[in-house]
Every structure is written in C-alpha cells, then in structure tokens.
Amino acid sequence: MNQRARIVMTGEEVATLLKEGRKLQLATINSDGTPHLVTMFYGLSDDGRLIFWTYGKAQKSRNIARDPRVTCLVEVGDDYGDLRGATIYGTALPYDDVMDAGMRITARMTGQDPEPMRPYVEMTGRKRVAYIVEPGRVVSWDHRKLHGSS
C-alpha cells in the first residue's frame with residue numbers, strides 16, 4: 001500500500017474532523033478564472049454539511065452567484081505528524097435560514113451556547129446570505145496514521 005492510501009480518512013473520520021474544526025479556507029472562482037481564497041468560520045448542518053455566511057455584496061457571494069463551484073479546506077494540527085485535513089470540492093447552494101446559519105456558526109466560533117449572542121446574530125444577519133456546501137469529491141489525509149497514532 002502506498003503512503004497516500006495509508007493516510008486517507010474514512011467518512012466517519014472526516015465527519016469527526018469537521019466537527020472538531022472551526023475555520024475553513026473557501027475558494028470561489030473570480031470572473032477572470034482566478035481563485036478567490038478566504039478564511040471563514042463555518043457551521044455544520046444536521047447531516048454534517050458545511051454552512052457559511054457572508055455579506056451579500058462580498059466578492060465570494062458575487063462569485064458563487066456566477067459559478068457555485070467551491071473548494072473548502074478544513075485542516076488541523078501544527079506539526080507534520082499531526083496534520084489532518086479534508087478538501088471538499090462541491091457546490092455552494094443558498095441556505096435560506098440565515099439566522100440558523102448564523103447561530104450555528106456563532107456556536108462554533110465561540111465554543112459556547114450562542115443564545116446570548118442572538119441579538120448580534122440577528123443584527124449582522126440582515127445584510128448576510130448563507131450557503132450550504134453540497135459535497136462532490138472529498139480528499140482527506142491524516143498524518144497520524146503514518147505512525148499508528150490515530
């Protein structure tokens with residue numbers, strides 16, 4: 001078995017990574033074809049899909065309106081032997097419940113019950129749009145498997 005095959009995560013391991021992570025690198029496609037890459041806090045839907053929100057006039061929103069294909073990277077670990085990550089290639093679909101998205105994201109950002117933040121989420125949510133990522137292909141790695149420590 002080659003080294004790449006040894007470090008691939010199972011679907012369950014990817015789900016655990018997404019539950020443990022807080023930030024993702026989001027790539028959308030600019031009108032000239034170049035990538036637009038930003039760091040975003042994210043939430044998870046009940047079925048484990050990534051949810052993010054942004055201002056309606058943000059570059060990423062304009063890019064998604066034109067071409068909904070996205071690439072999302074979630075990774076954790078500081079040392080090479082501890083690196084885990086997943087790249088999710090998918091489609092950003094509108095998520096109509098902007099308040100729900102905001103509360104899910106706030107919970108993950110703060111690590112606390114988001115209810116005390118509800119007024120802030122409601123206020124900032126007025127100018128935001130939310131998306132849920134429909135995954136297509138997932139590429140994952142867990143370097144801890146190289147040493148049998150996963």
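Every value quoted in this text rests on a predicted model; they were computed, and no experiment measured them.
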Taking Thr71 for its side chain and Leu26 for its backbone only, find out whether a donor-acceptor pair lies under 3.5 Å.
no

Distance-only, no hydrogens or angles: does the Thr91 side chain make a donor-acceptor pair with backbone N or O of Pro68 under 3.5 Å?
no

Check: Met117 and Met103 side chains under 4.5 Å, non-hydrogen atoms:
no

Does the side-chain contact (heavy atoms from CB on, under 4.5 Å) test come out yes or no for Leu24 and Leu50, once each step is laid out?
CA-CA 9 Å; Leu24 61 83; Leu50 298 169; 4.0 Å; yes

State, to 0.1 Å, how close Gly77 and Leu83 come at their nearest heavy-atom pair, and which atoms those are.
O-CD2, 3.4 Å

Heavy atoms only: give me the nearest Arg49-Pro135 pair and the separation to one decimal.
CD-CD, 3.9 Å

In short, Ile132 meets Ser45 closest at the heavy-atom pair CD1-CB, 3.8 Å

Using the rule that Ile, Leu, Val, Met, Phe, Trp and Tyr join whenever any side-chain heavy atoms are under 4.5 Å apart, tell me whether Leu18 and Met40 fall into a single cluster.
yes

Whether Thr110 side chain and Thr106 backbone form a donor-acceptor pair below 3.5 Å
yes

So CE of Met109 and CZ of Phe41: to nearest 0.5 Å the spacing works out to 4.5 Å

Do Gln25 and Thr39 pair up side chain to side chain, a donor and an acceptor below 3.5 Å, judged on atom types alone?
yes

Ion pair check, Arg84 and Glu20, cut-off under 4.0 Å
yes

Going through the checks in order, is the ring pair (Phe, Tyr, Trp, His ring centres under 6.0 Å) test met by Tyr131 and Tyr95?
CA-CA 5 Å; Tyr131 299 95; Tyr95 188 75; 9.7 Å; no

Counting only N and O atoms by type, is there a donor-acceptor contact under 3.5 Å from the side chain of His143 to the main-chain atoms of Tyr80?
yes

Any side-chain heavy-atom pair from Val133 and Val70 closer than 4.5 angstrom?
yes

Do Arg22 and Tyr42 pair up side chain to side chain, a donor and an acceptor below 3.5 Å, judged on atom types alone?
no

About how many Å separate OG1 of Thr124 and CE of Met99, when rounded to the nearest 0.5 Å?
10.5 Å

Main-chain N/O of Ile88 paired with Arg137 side-chain donor or acceptor, under 3.5 Å:
no

Would a distance-only check, ignoring hydrogens and angles, find a side-chain to backbone donor-acceptor pair under 3.5 Å from Asp97 to Asp100?
yes

Applying a strict under-4.5 Å side-chain criterion to I, L, V, M, F, W and Y, I'd like to know whether Ile64 and Val38 cluster together.
yes

Do Trp53 and Ile105 have side chains that get closer than 4.5 Å, going by heavy atoms?
yes

According to a 4.5 Å side-chain heavy-atom criterion applied to Ile, Leu, Val, Met, Phe, Trp and Tyr, with indirect links allowed, do Val74 and Val14 form part of one hydrophobic cluster?
yes

Does a side chain donor of either Lys60 or Thr54 reach within less than 3.5 Å of an acceptor in the other side chain?
yes

Do other residues, nucleotides or ligands put more than 12 heavy atoms under 6.0 Å from the CD atom of Glu115?
yes

Salt bridge or not for Glu75 and Lys23, using N-O below 4.0 Å?
no

In the structure I gave you, are the side-chain heavy atoms of Lys145 and Arg6 within less than 4.5 Å of one another anywhere?
no

Taking atom CZ of Arg69 as the centre, does the number of heavy atoms from other residues, nucleotides or ligands within less than 6.0 Å exceed 12?
no

Does atom CG of Asp78 have more than 12 heavy-atom neighbours, drawn from other residues, nucleotides or ligands, at distances under 6.0 Å?
no

Contact between Gln59 and Asn30 at the side-chain level, heavy atoms closer than 4.5 Å - yes or no?
yes

Verify, without hydrogens or angle tests, whether Glu13 (side chain) and Thr10 (backbone) share a donor-acceptor contact under 3.5 angstrom.
yes

Can you hop from Leu73 to Leu17 via hydrophobic side chains spaced under 4.5 Å?
no

In the single-linkage hydrophobic clustering (I, L, V, M, F, W, Y; side-chain heavy atoms under 4.5 Å), do Ile51 and Val138 co-cluster?
no

About how many Å separate OG of Ser61 and CZ of Arg66, when rounded to the nearest 0.5 Å?
11.5 Å

Whether Asp79 side chain and Gly81 backbone form a donor-acceptor pair below 3.5 Å:
no

Between Arg104 and Asp46, is the closest basic N to carboxylate O distance under 4.0 Å?
yes

